[in-house]
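Only a predicted model underlies this, so the values are computations on that prediction, with no experimental measurement involved.
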Amino acid sequence: MRIPIIAGNWKMHKTVQESVDLVREMKRGLNEIQGIEKVIVPPFVSLGAVAELLGPTSIKLGAQNMHWEEQGAYTGEVSPLMLQGLCQYVIIGHSERRTYFGETNETVNRKVRAAFDHGLLPIMCVGENLEQNEAGETEAFVSQQMREGLVGLTAEKVSKIVVAYEPIWAIGTGRAATGVEANRIIGLVIRGTIAELHNETTAQAARVQYVGSVKPSNVVEFMSQPDIDGALVGGASLKAADFTEITRLAAEVKGTGR
Ligand code: 13P
(Lines give C-alpha, C1' and ligand atoms only; values in the text may rest on other atoms or scores of the structure.)
Protein backbone atom coordinates (compact mmCIF):
# COMPACT_ATOMS: atom_id res chain seq x y z
CA MET A 1 0.00 0.00 0.00
CA ARG A 2 1.64 3.22 -1.14
CA ILE A 3 0.18 6.41 0.28
CA PRO A 4 -0.11 8.94 -2.55
CA ILE A 5 1.83 12.18 -2.08
CA ILE A 6 1.41 15.61 -3.62
CA ALA A 7 4.12 18.18 -2.91
CA GLY A 8 4.19 21.84 -3.88
CA ASN A 9 7.68 23.14 -4.65
CA TRP A 10 7.53 26.91 -4.46
CA LYS A 11 11.08 27.27 -5.80
CA MET A 12 12.44 30.82 -5.37
CA HIS A 13 9.05 32.44 -4.98
CA LYS A 14 7.32 34.20 -2.06
CA THR A 15 8.71 36.36 0.73
CA VAL A 16 8.01 35.26 4.30
CA GLN A 17 4.90 37.42 4.42
CA GLU A 18 3.70 36.17 1.05
CA SER A 19 4.32 32.59 2.16
CA VAL A 20 2.19 33.11 5.25
CA ASP A 21 -0.56 34.67 3.15
CA LEU A 22 -0.52 31.77 0.67
CA VAL A 23 -0.62 29.14 3.40
CA ARG A 24 -3.51 30.95 5.07
CA GLU A 25 -5.35 30.76 1.78
CA MET A 26 -4.84 27.02 1.21
CA LYS A 27 -4.56 25.63 4.74
CA ARG A 28 -8.16 24.81 5.47
CA GLY A 29 -8.98 23.32 2.06
CA LEU A 30 -5.84 21.19 1.96
CA ASN A 31 -6.19 20.02 5.53
CA GLU A 32 -9.62 18.59 4.75
CA ILE A 33 -8.39 16.35 1.93
CA GLN A 34 -7.81 12.84 3.21
CA GLY A 35 -6.12 9.69 1.98
CA ILE A 36 -3.14 11.52 0.53
CA GLU A 37 0.00 13.13 1.93
CA LYS A 38 0.15 16.86 1.35
CA VAL A 39 3.52 18.58 1.45
CA ILE A 40 4.31 22.27 1.07
CA VAL A 41 7.90 23.15 0.15
CA PRO A 42 8.48 26.90 0.61
CA PRO A 43 11.86 28.68 0.60
CA PHE A 44 14.10 28.04 3.64
CA VAL A 45 13.47 31.45 5.20
CA SER A 46 9.72 30.81 5.31
CA LEU A 47 9.88 27.35 6.90
CA GLY A 48 9.67 28.59 10.49
CA ALA A 49 6.69 30.88 9.93
CA VAL A 50 4.87 28.30 7.83
CA ALA A 51 5.52 25.52 10.37
CA GLU A 52 4.01 27.69 13.08
CA LEU A 53 1.01 28.53 10.96
CA LEU A 54 0.36 24.89 10.01
CA GLY A 55 0.51 23.75 13.63
CA PRO A 56 -1.08 20.34 14.12
CA THR A 57 -2.72 20.11 10.67
CA SER A 58 -2.32 17.13 8.35
CA ILE A 59 -0.17 19.25 6.02
CA LYS A 60 3.53 18.45 6.03
CA LEU A 61 6.51 20.60 5.23
CA GLY A 62 9.57 20.11 3.09
CA ALA A 63 12.79 21.96 2.27
CA GLN A 64 14.07 22.49 -1.27
CA ASN A 65 17.67 21.44 -0.69
CA MET A 66 20.17 20.65 2.05
CA HIS A 67 23.90 20.16 2.60
CA TRP A 68 25.08 16.72 3.72
CA GLU A 69 27.27 17.92 6.60
CA GLU A 70 25.78 18.71 9.99
CA GLN A 71 27.75 21.96 10.36
CA GLY A 72 30.91 23.66 9.23
CA ALA A 73 32.44 26.31 7.04
CA TYR A 74 29.94 26.07 4.16
CA THR A 75 28.75 29.64 3.75
CA GLY A 76 25.18 29.88 2.54
CA GLU A 77 24.28 26.24 3.13
CA VAL A 78 21.62 24.70 5.35
CA SER A 79 22.29 21.47 7.24
CA PRO A 80 20.16 18.46 8.13
CA LEU A 81 20.40 19.40 11.81
CA MET A 82 18.84 22.76 11.02
CA LEU A 83 15.94 21.13 9.19
CA GLN A 84 15.34 18.40 11.75
CA GLY A 85 12.14 19.16 13.63
CA LEU A 86 11.25 21.94 11.20
CA CYS A 87 10.15 19.81 8.25
CA GLN A 88 9.63 16.16 7.36
CA TYR A 89 10.72 16.10 3.72
CA VAL A 90 13.61 17.47 1.72
CA ILE A 91 13.89 17.70 -2.06
CA ILE A 92 17.28 16.46 -3.20
CA GLY A 93 18.86 16.88 -6.62
CA HIS A 94 16.12 18.86 -8.31
CA SER A 95 17.00 19.32 -11.99
CA GLU A 96 17.40 23.05 -11.36
CA ARG A 97 20.04 22.30 -8.69
CA ARG A 98 21.79 19.88 -11.02
CA THR A 99 21.68 22.32 -13.94
CA TYR A 100 22.44 25.65 -12.24
CA PHE A 101 24.33 24.65 -9.10
CA GLY A 102 26.47 21.77 -10.28
CA GLU A 103 24.88 18.99 -8.27
CA THR A 104 25.94 15.53 -9.35
CA ASN A 105 24.73 12.02 -8.65
CA GLU A 106 27.47 11.83 -6.03
CA THR A 107 26.37 14.94 -4.12
CA VAL A 108 22.79 13.81 -4.47
CA ASN A 109 23.73 10.49 -2.89
CA ARG A 110 25.50 12.20 0.02
CA LYS A 111 22.46 14.36 0.63
CA VAL A 112 20.00 11.46 0.38
CA ARG A 113 22.02 9.49 2.91
CA ALA A 114 22.30 12.51 5.23
CA ALA A 115 18.55 13.04 5.04
CA PHE A 116 17.83 9.46 6.16
CA ASP A 117 20.47 9.70 8.88
CA HIS A 118 18.63 12.69 10.32
CA GLY A 119 15.09 11.38 10.07
CA LEU A 120 14.17 13.44 7.02
CA LEU A 121 12.52 11.78 4.02
CA PRO A 122 14.22 12.63 0.74
CA ILE A 123 12.32 13.40 -2.44
CA MET A 124 15.10 12.45 -4.85
CA CYS A 125 14.71 13.94 -8.31
CA VAL A 126 15.78 12.19 -11.49
CA GLY A 127 14.98 12.79 -15.13
CA GLU A 128 16.35 13.38 -18.60
CA ASN A 129 16.63 16.58 -20.63
CA LEU A 130 15.21 17.13 -24.09
CA GLU A 131 18.41 16.19 -25.91
CA GLN A 132 18.72 12.91 -24.03
CA ASN A 133 15.05 12.20 -24.54
CA GLU A 134 15.27 12.76 -28.28
CA ALA A 135 18.46 10.68 -28.52
CA GLY A 136 16.70 7.72 -26.91
CA GLU A 137 18.95 7.88 -23.85
CA THR A 138 16.23 8.28 -21.22
CA GLU A 139 16.33 4.74 -19.85
CA ALA A 140 20.11 4.53 -19.49
CA PHE A 141 20.42 8.04 -18.05
CA VAL A 142 17.66 7.71 -15.45
CA SER A 143 18.83 4.26 -14.45
CA GLN A 144 22.32 5.62 -13.79
CA GLN A 145 20.91 8.50 -11.75
CA MET A 146 18.99 5.96 -9.67
CA ARG A 147 21.97 3.66 -9.15
CA GLU A 148 24.37 6.42 -8.21
CA GLY A 149 21.83 8.29 -6.12
CA LEU A 150 21.04 5.21 -4.05
CA VAL A 151 24.59 4.00 -3.35
CA GLY A 152 25.03 2.67 0.17
CA LEU A 153 21.35 2.73 1.14
CA THR A 154 19.67 -0.29 2.69
CA ALA A 155 16.51 -1.77 1.19
CA GLU A 156 14.63 -0.50 4.23
CA LYS A 157 15.63 3.08 3.49
CA VAL A 158 15.00 2.79 -0.23
CA SER A 159 11.51 1.49 0.48
CA LYS A 160 10.78 4.80 2.24
CA ILE A 161 12.21 7.09 -0.41
CA VAL A 162 10.15 9.31 -2.66
CA VAL A 163 11.55 9.53 -6.18
CA ALA A 164 10.40 12.43 -8.33
CA TYR A 165 10.61 11.68 -12.04
CA GLU A 166 11.05 14.93 -13.90
CA PRO A 167 11.42 14.83 -17.64
CA ILE A 168 13.26 18.18 -17.63
CA TRP A 169 11.75 19.21 -20.94
CA ALA A 170 8.33 19.22 -19.27
CA ILE A 171 9.19 21.60 -16.42
CA GLY A 172 7.69 25.07 -16.51
CA THR A 173 7.13 24.71 -20.24
CA GLY A 174 3.47 23.81 -20.15
CA ARG A 175 4.51 20.71 -22.12
CA ALA A 176 3.83 17.72 -19.86
CA ALA A 177 4.88 14.20 -20.76
CA THR A 178 2.04 11.77 -21.35
CA GLY A 179 0.81 9.75 -18.39
CA VAL A 180 1.47 6.51 -20.25
CA GLU A 181 5.07 7.39 -21.10
CA ALA A 182 5.86 8.68 -17.58
CA ASN A 183 4.33 5.52 -16.14
CA ARG A 184 6.48 3.39 -18.45
CA ILE A 185 9.74 5.05 -17.34
CA ILE A 186 8.71 4.92 -13.69
CA GLY A 187 7.78 1.24 -13.83
CA LEU A 188 10.53 0.02 -16.09
CA VAL A 189 13.46 2.21 -15.12
CA ILE A 190 12.84 3.64 -11.65
CA ARG A 191 11.16 0.65 -10.00
CA GLY A 192 13.13 -1.68 -12.26
CA THR A 193 16.44 -0.30 -11.04
CA ILE A 194 15.37 -0.49 -7.41
CA ALA A 195 14.34 -4.11 -7.95
CA GLU A 196 17.76 -4.87 -9.46
CA LEU A 197 19.59 -3.13 -6.62
CA HIS A 198 17.42 -4.67 -3.90
CA ASN A 199 14.24 -6.62 -4.62
CA GLU A 200 10.74 -6.31 -6.01
CA THR A 201 9.16 -5.67 -2.60
CA THR A 202 11.38 -2.62 -2.11
CA ALA A 203 10.63 -1.43 -5.65
CA GLN A 204 6.90 -1.71 -5.00
CA ALA A 205 7.14 0.10 -1.65
CA ALA A 206 9.03 3.20 -2.84
CA ARG A 207 6.81 6.06 -3.94
CA VAL A 208 7.33 7.81 -7.24
CA GLN A 209 5.97 11.19 -8.27
CA TYR A 210 5.62 12.68 -11.73
CA VAL A 211 7.03 16.19 -12.19
CA GLY A 212 6.47 18.71 -14.94
CA SER A 213 3.66 21.15 -15.68
CA VAL A 214 1.13 19.37 -13.46
CA LYS A 215 -2.12 21.32 -13.23
CA PRO A 216 -5.76 20.64 -12.37
CA SER A 217 -6.50 19.85 -16.03
CA ASN A 218 -3.90 17.06 -16.39
CA VAL A 219 -3.38 15.63 -12.89
CA VAL A 220 -5.99 12.90 -13.38
CA GLU A 221 -4.12 11.62 -16.44
CA PHE A 222 -0.99 11.09 -14.34
CA MET A 223 -2.63 9.84 -11.18
CA SER A 224 -4.64 7.26 -13.12
CA GLN A 225 -1.39 5.48 -13.94
CA PRO A 226 -0.59 2.53 -11.65
CA ASP A 227 3.08 3.35 -11.06
CA ILE A 228 2.57 7.08 -10.41
CA ASP A 229 1.94 7.79 -6.73
CA GLY A 230 1.74 11.55 -6.82
CA ALA A 231 3.21 14.73 -8.19
CA LEU A 232 5.76 17.37 -7.38
CA VAL A 233 4.05 20.54 -8.49
CA GLY A 234 5.88 23.77 -9.34
CA GLY A 235 4.04 26.72 -10.84
CA ALA A 236 0.53 25.53 -9.96
CA SER A 237 1.49 25.13 -6.28
CA LEU A 238 1.76 28.92 -6.02
CA LYS A 239 -1.98 29.28 -6.52
CA ALA A 240 -4.05 28.13 -3.56
CA ALA A 241 -7.06 27.12 -5.63
CA ASP A 242 -5.02 25.16 -8.19
CA PHE A 243 -2.87 23.32 -5.64
CA THR A 244 -5.90 22.39 -3.57
CA GLU A 245 -7.76 21.20 -6.66
CA ILE A 246 -4.76 19.14 -7.85
CA THR A 247 -4.56 17.50 -4.42
CA ARG A 248 -8.29 16.87 -4.25
CA LEU A 249 -8.36 15.27 -7.70
CA ALA A 250 -5.29 13.15 -6.90
CA ALA A 251 -6.88 11.88 -3.69
CA GLU A 252 -10.07 11.12 -5.57
CA VAL A 253 -8.31 9.12 -8.28
CA LYS A 254 -6.11 7.16 -5.89
CA GLY A 255 -8.66 6.55 -3.15
CA THR A 256 -7.27 6.06 0.35
CA GLY A 257 -3.76 4.77 -0.26
CA ARG A 258 -3.21 2.01 -2.76
P1 13P B 1 6.26 23.02 -12.97
O2 13P B 1 5.10 22.31 -12.33
O3 13P B 1 6.14 24.51 -12.89
O4 13P B 1 6.53 22.50 -14.36
O5 13P B 1 7.56 22.67 -12.08
C6 13P B 1 7.84 21.36 -11.82
C7 13P B 1 8.91 21.27 -10.80
O8 13P B 1 10.07 21.45 -11.10
C9 13P B 1 8.52 20.99 -9.42
O10 13P B 1 9.62 20.84 -8.61
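For the pair I246/V214, a side-chain contact is recorded, criterion being any heavy-atom separation below 4.5 Å from C-beta on. By the 4.5 Å heavy-atom criterion applied to side chains, I92 and V90 are counted as neighbours. Counting heavy atoms from C-beta outward, Y165 and V142 have side chains that approach closer than 4.5 Å. Side-chain contact between K14 and L238: present, with at least one pair of heavy atoms (C-beta onward) separated by less than 4.5 Å.
At least one test fails for R113 against the ring of F116: distance under 6.0 Å to the centre or angle within 45° of the axis.
Looking only at atom types and distance, the side chain of E70 has a donor-acceptor partner in the side chain of H118 under 3.5 Å away. For the 3.5 Å distance criterion, the side chains of Q64 and R97 fail to qualify, holding no donor opposite an acceptor. Of the N and O atoms on the side chains of E128 and W169, at least one donor lies less than 3.5 Å from an acceptor on the other residue.
Around atom CD of E156, no more than 12 heavy atoms belonging to other residues, nucleotides or ligands sit under 6.0 Å away. Summarising the local packing, CD of E139 is surrounded by more than 12 heavy atoms from other residues, nucleotides or ligands at distances under 6.0 Å. No more than 12 heavy atoms of other residues, nucleotides or ligands shown are found within 6.0 angstrom of CD on Q71.
Under the 3.5 Å distance criterion, the side-chain polar atoms of S213 are matched with a main-chain donor or acceptor of A170. Here the side chain of T99 pairs no donor or acceptor atom with the backbone of E96 at under 3.5 angstrom. When atom types are taken as modelled, the side chain of E77 and the backbone of Y74 share no donor-acceptor pair closer than 3.5 angstrom. No donor-acceptor pair closer than 3.5 Å links the side chain of E166 to the backbone N or O of V211. R98 places a side-chain N or O within 3.5 Å of a backbone atom of C125 that can act as its donor or acceptor partner. Side chain of N9 to backbone of G234: no donor-acceptor contact under 3.5 angstrom is found. Of the possible donor and acceptor atoms, none in the side chain of Q209 sits under 3.5 Å from a partner among the backbone N and O of A164. Formation of a donor-acceptor pair under 3.5 Å by the R147 side chain with backbone atoms of T193 is not found in this model. With hydrogens and angles ignored, the 3.5 Å screen pairs a side-chain donor or acceptor of R191 with a backbone N or O of A203. In terms of modelled atom types and a separation under 3.5 Å, the side chain of N183 and the main chain of D227 share a donor-acceptor contact.
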Distance-only donor-acceptor pairs under 3.5 Å for side chains of residues 36-43, two or more places apart:
from : atom 1 : to   : atom 2 : distance (Å)
E37  : OE1    : Y89  : OH     : 3.0
E37  : OE1    : R207 : NH1    : 2.7
E37  : OE1    : R207 : NH2    : 3.1
E37  : OE2    : K60  : NZ     : 2.8
E37  : OE2    : Y89  : OH     : 2.7
K38  : NZ     : L30  : O      : 3.2
K38  : NZ     : I33  : O      : 2.5
K38  : NZ     : S58  : OG     : 2.7

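To the nearest 0.5 Å, the span separating CH2 on W10 from OG on S237 amounts to 7.5 Å. For the atom pair CD1 of I3 and CG of D229, the computed distance is 10.0 Å after rounding to the nearest 0.5 Å. Distance check, rounded to the nearest 0.5 Å: CE of M223 to CD1 of I6 gives 4.5 Å. Here the straight-line distance linking atom CE of M146 with atom OG of S143 works out to 8.5 Å at 0.5 Å rounding.
Put simply, L47 and L53 are part of the same group of oily side chains (I, L, V, M, F, W, Y) that touch within less than 4.5 Å, one to the next.
Here the closest non-hydrogen pair linking F44 and A63 is CE2-CB, 3.8 Å.
Scanning for side chain to side chain contact (heavy atoms under 4.5 Å, CB included) contacts around E134 gives L130, with sequence neighbours left out. For H198, there are no ring pair (Phe, Tyr, Trp, His ring centres under 6.0 Å) partners two or more places apart in sequence or in a different chain.
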- How far apart are the C-alpha atoms of R110 and D117, what are their side-chain angles, what is the distance that settles it, and do they pass the salt bridge (charged side-chain N to carboxylate O under 4.0 Å, His left out) test? CA-CA 10 Å; R110 286 182 189 225; D117 288 346; over 6 Å; no
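Between E245 and K215, none of the side-chain N atoms (NZ, or NE/NH1/NH2) sits under 4.0 Å from a carboxylate O, so this pair counts as no salt bridge.
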